[in-house]
Participant: 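Mind looking over this structure? Questions follow.
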Amino acid sequence: MNQDWWKEAVVYQVYWRSFKDSNGDGMGDLQGVIEKLDYIASLGVDVIWLNPCYTSPDIDNGYDIADYYTIMEKAGTMSDLEQLIGAAHDRGLKLILDLVVNHTSDQHAWFKDARSSKSSEKADWYIWQDGVKGTPPNNWRSYFAPSPWTWDETREQYYFHSFASEQPDLNWENRDVRQAIYTMMRWWTDKGIDGFRMDVINLIKKRATFDDVENPLDLSYLGNQPGVHDFLQEMHQEVLAGTDLFTVGEIPFVGPEDGLLYVGEDRNELRTLFHFEVADDMETMDLPRFKQIQKQWYEALYPHGVASQFLNNHDHTRQVTRFGSERYRIESAKLLGLMLHTLPGIPYIYQGEEIGMTGIRFSDPDAYQDVAFRNQYAERIAAGESPGTVLSSMQMRARDNSRTPMQWNANKAAGFTESNYPWMTVNPNYLDINVEAAEQDQNSVLVFYRTLIALRKTHPVMVYGVYRDLAIQDPYLYVYERELDGVTWRIILNLHDEAVTTTLSLPKEQLVLSNYETGDTVQLARYEARLYQY
Ligand code: GLC
């Protein structure tokens, strides 16, 4: 595999509204991110991915953009962002922005123009269908609403939205739309950003016809349609070719073979991608399935493309809660970290993951602010389900679980804000779980993460090594090797919440890193994770 800086990178995701509030209004902001840049740099990461901070009515926490060229007041100003870019670069950190171009806000000037009349200048910049009010054009569903079609009173037509009705999808078939997007992307790269995290980028190509589908609940008809690669190759040609920009596409509904089409090095599309075979399709850790996924992606991609490794982000509940154990929080947080940083692919750390933050569950449905939660909750209640059942079935996977404020210290509101009213409830466990406490404890998850990230910098085997699963049938142990130029790393993880005995030889002298004090030779404690070098 060719060597490239971005393959060796570790990415840190900053969900700014929950990261650090600098002005006491209860919401994080760009100045707050600047304040904490030294902390981010101290982790050893290379790239910051900043969630959307463009002007937005904030229906979907910034993923409904009303103006790509200005900054949301809650986040700060353009000059704050410029300062952040400069300050990140001063510390050797790259900064990538979210690129949300499958849809805009319904408050974007383009959409206001489009909906004003069927003959307006941008009439065709979105996706419209004739129909009868009250009977949507097909039986599809959107991610966030019962139907992806909303009736517009002025045009007396339906417009299409893969997400909430306030997020109309752009019509990528229109050349002017595409050019407007490429112009905007170039404007941002001229400003000095280092790349893009491309929001649901494989949804930009729609099906050729909007016929009914057999199973509307399987949303895969929304994305990955033939022709999507023409758009991405054009975007590459227009914006990315010849640059050093980092790009990661959010690509739902794809398996490994299709995945390679997005990231194959000879394809001129994206550098890397997020797939959803784990995040969307696995309720809790299903180790046999997880191993299969890793193996299949590795076999399909290497050495022609690179995937990404993540188990949580602002859309998915925190990894300790979902894939590890809150009871054995420290052990399982370290195990998951060790796994993500030694599997093939670029590791992403979602703010707070490095201190083992856990997901919250609210017992009051009104505490959930997320549009996805609220819409789905309302739909199910309207359908006659009981509130208790609906809440308990939605609690575990609710997106707000991972959006609670970053826990900096044991002071008021975890040191996140001076305000008495943080925009979202702080997880009450901040008294124990916070950065300040972790800094003082040599055995903390934080210290372990720093070690992992530092190892990646000095051991190319972690990045380029061949991957081999040594015990694919084992229900509890995940044992794999990475090998490069005569160096072999063997990783042994016990994902069971009880001790497990192994027949593999575990020579103590070759132990590089472990999350337990002593590595027994035949027994692995619950959530024990070890890394050996041969
Ligand atoms: C992506 C984002 C998510 C957002 C959605 C619509 O999945 O990560 O937060 O709601 O796209 O833009």
Side-chain angles (χ1 to χ4, degrees), residues 15 17 51-70 72 74-75 97-116 122-129 136-138 140-155 157-174 177-178 180-181 184 196-207 210 216 219 221-223 225 228 231 249-253 280 313-315 368-379 399-400 403:
Y15 195 62
R17 70 186 61 222
N51 285 95
C53 57
Y54 314 91
T55 297
S56 161
D58 234 10
I59 293 289
D60 184 22
N61 292 7
Y63 283 91
D64 48 322
I65 297 171
D67 182 0
Y68 291 107
Y69 292 94
T70 55
M72 184 185 315
K74 293 174 188 169
L97 293 186
D98 234 293
L99 179 80
V100 189
V101 291
N102 172 67
H103 45 271
T104 68
S105 160
D106 62 352
Q107 299 306 307
H108 195 291
W110 298 344
F111 190 69
K112 288 185 179 169
D113 178 84
R115 80 185 325 178
S116 68
K122 297 190 166 52
D124 187 35
W125 280 42
Y126 294 82
I127 298 163
W128 298 90
Q129 286 275 300
N138 65 14
W140 295 13
R141 289 197 51 101
S142 99
Y143 271 92
F144 294 169
S147 169
W149 299 102
T150 292
W151 180 256
D152 182 77
E153 292 293 349
T154 310
R155 278 182 64 150
Q157 279 184 309
Y158 282 97
Y159 66 85
F160 182 79
H161 48 89
S162 300
F163 295 89
S165 61
E166 296 88 346
Q167 294 167 294
D169 281 28
L170 284 161
N171 177 16
W172 272 72
E173 302 302 327
N174 183 321
V177 169
R178 303 201 301 274
I181 289 166
M184 177 271 286
F196 301 99
R197 175 268 187 188
M198 301 189 186
D199 192 60
V200 289
I201 199 65
N202 69 334
L203 268 55
I204 58 179
K205 180 77 184 181
K206 310 305 178 200
R207 276 201 169 177
F210 289 114
L219 299 183
Y221 47 82
L222 291 177
Q225 298 300 318
V228 65
F231 291 158
E250 191 193 27
I251 314 276
F253 317 122
D280 276 353
N313 62 29
H314 65 292
D315 293 330
Y368 290 96
Q369 303 187 32
D370 173 28
V371 61
F373 182 97
R374 286 178 167 264
N375 288 3
Q376 201 192 339
Y377 185 85
E379 186 186 351
R399 302 198 303 175
D400 283 341
R403 295 179 176 179

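Computed from a prediction, not measured in an experiment: that's the story for all the values here. Residue numbers count from 1 along this sequence. Atom set for the values below is all heavy atoms of this structure, side chains included, hydrogens, waters and symmetry mates excluded.
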Participant: Return the set of residues passing ring-ring contact (aromatic ring centres under 6.0 Å, His included) with Trp128 (not counting sequence neighbours), or none when no residue passes.
Facilitator: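 Here the qualifying residues are Phe111, Tyr159.
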Participant: Could you tell me if the side chain of Asn138 sits less than 4.5 Å from the side chain of Arg207, heavy atoms only?
Facilitator: no
Participant: With rounding to the nearest 0.5 Å, note down the distance linking CG in Asp152 to OH in Tyr158.
Facilitator: 11.5 Å
Participant: How close do Pro168 and His161 get, counting heavy atoms only, and between which atoms?
Facilitator: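 Shortest heavy-atom separation between Pro168 and His161 comes out as CA-CB, 4.1 Å.
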Participant: If you look at every heavy atom in Ser147 and Pro136, which pair is closest and at what distance?
Facilitator: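 Result for this residue pair: OG-CB, 3.6 Å.
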Participant: His108 and ring-ring contact (aromatic ring centres under 6.0 Å, His included): which partner among Tyr68, Tyr69, Tyr126?
Facilitator: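 Only one option passes, and that is Tyr68.
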Participant: I'd like to know if Arg197 and Asp199 make a salt bridge, using a cut-off of under 4.0 Å between side-chain N and carboxylate O.
Facilitator: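 Result for this pair is yes, salt bridge flagged.
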Participant: Carefully, step by step, assess Ser162 and Asn102 under the rule side-chain contact (heavy atoms from CB on, under 4.5 Å).
Facilitator: CA-CA 9 Å; Ser162 300; Asn102 172 67; 3.9 Å; yes
Participant: Measuring from Asn375:CG to Ser165:OG, what's the distance to the nearest 0.5 Å?
Facilitator: 7.5 Å
Participant: For Met72 versus Gly62, what's the shortest heavy-atom pair and its separation?
Facilitator: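 Looking at all heavy atoms of both residues, the closest pair is CE-CA, 3.9 Å.
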Participant: At what distance, to the nearest 0.5 angstrom, does CD of Gln157 lie from OG1 of Thr150?
Facilitator: 13.5 Å
Participant: Indicate yes or no: at least one non-hydrogen side-chain atom of Ser105 is less than 4.5 angstrom from one of Ile59.
Facilitator: no
Participant: Could you tell me whether Glu173 and Arg178 make a salt bridge, using a distance below 4.0 angstrom between a side-chain N and a carboxylate O?
Facilitator: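 Not counted as a salt bridge, because no side-chain N and carboxylate O are separated by less than 4.0 Å.
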Participant: Just wondering, do Phe163 and Asp64 contact through their side chains at under 4.5 Å, heavy atoms?
Facilitator: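 SC-SC contact between Asp64 and Phe163 ruled out.
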Participant: Side chains of Phe253 and Leu219: closer than 4.5 Å at any heavy-atom pair?
Facilitator: yes
Participant: Going by heavy atoms in the side chains, are Ile204 and Leu170 under 4.5 Å from each other?
Facilitator: no
Participant: How long is the gap from CD1 on Ile251 to CG on Leu203, to the nearest 0.5 Å?
Facilitator: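 Ile251 CD1 to Leu203 CG: 9.5 Å, rounded to 0.5 Å.
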Participant: Given 3.5 Å as the limit, does a donor-acceptor pair link the side chain of Asn202 with the main chain of Pro252, or not?
Facilitator: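 Yes; at least one donor-acceptor contact below 3.5 Å.
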Participant: Can you name the residues that form a ring-ring contact (aromatic ring centres under 6.0 Å, His included) with Phe160, not counting sequence neighbours?
Facilitator: Trp149, Phe210
Participant: Please verify the inter-ring angle class for Tyr377 with Phe373; under 30° counts as parallel, over 60° as perpendicular, anything in between as tilted.
Facilitator: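 Correct class here is parallel.
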Participant: Quick check, are the ring centers of His103 and Tyr63 under 6.0 angstrom apart?
Facilitator: no
Participant: Measuring from atom CG of Asn61 to atom SG of Cys53, what distance do you get when rounded to the nearest 0.5 angstrom?
Facilitator: 13.0 Å
Participant: By the salt bridge (charged side-chain N to carboxylate O under 4.0 Å, His left out) test, which pairs, at least two apart or in different chains, include something from residues 101-114?
Facilitator: none
Participant: Distance from Asp58 atom CG to Gln107 atom CD, nearest 0.5 Å?
Facilitator: 12.5 Å
Participant: Whether the side chain of Asp370 engages the backbone of Asp400 through a donor-acceptor N/O pair (distance < 3.5 Å, no angle test) should be reported.
Facilitator: no
Participant: With side chains defined as the heavy atoms from C-beta onward, is the minimum distance between Arg403 and Asp315 less than 4.5 Å?
Facilitator: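 With C-beta onward as the side chain, the pair touches.
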Participant: Hey, are the side chains of His314 and Arg17 touching, using non-hydrogen atoms and a 4.5 Å cut-off?
Facilitator: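 Answer no - side chains too far apart.
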Participant: Any donor-acceptor pair under 3.5 Å linking the side chain of Tyr54 with the backbone of Leu99?
Facilitator: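 Checked: no pair found.
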Participant: So which heavy atom on Thr70 is nearest to which on Thr55, and how close?
Facilitator: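 For Thr70 versus Thr55, the nearest heavy atoms are OG1-OG1, 2.5 Å.
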Participant: Any side-chain to backbone donor/acceptor pair from Tyr15 onto Asn51? Under 3.5 Å, distance only.
Facilitator: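 Such a contact is absent between Tyr15 side chain and Asn51 backbone.
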Participant: Do Trp172 side-chain atoms and Val101 backbone N/O form a donor-acceptor pair below 3.5 Å?
Facilitator: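 Looks like yes, one N/O pair under 3.5 Å.
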Participant: Are the side chain of Arg115 and the backbone of Arg155 linked by a donor-acceptor contact shorter than 3.5 Å?
Facilitator: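 Checking the backbone N and O of Arg155 against the side chain of Arg115, no donor-acceptor pair under 3.5 Å is found.
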Participant: Using every non-hydrogen atom in the two residues, find where Pro137 and Gln129 come nearest and quote the distance to one decimal.
Facilitator: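 Taking Pro137 first and Gln129 second, the nearest heavy atoms are CG-CB, 3.8 Å.
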Participant: Inspect the contact between Arg399 and Asp60 and indicate whether a charged nitrogen and a carboxylate oxygen are less than 4.0 angstrom apart.
Facilitator: yes
Participant: Starting from the C-alpha separation in whole Å, work towards a yes-or-no answer on side-chain hydrogen bond (donor to acceptor under 3.5 Å, both in side chains) for Lys122 and Asn171.
Facilitator: CA-CA 10 Å; Lys122 297 190 166 52; Asn171 177 16; over 6 Å; no
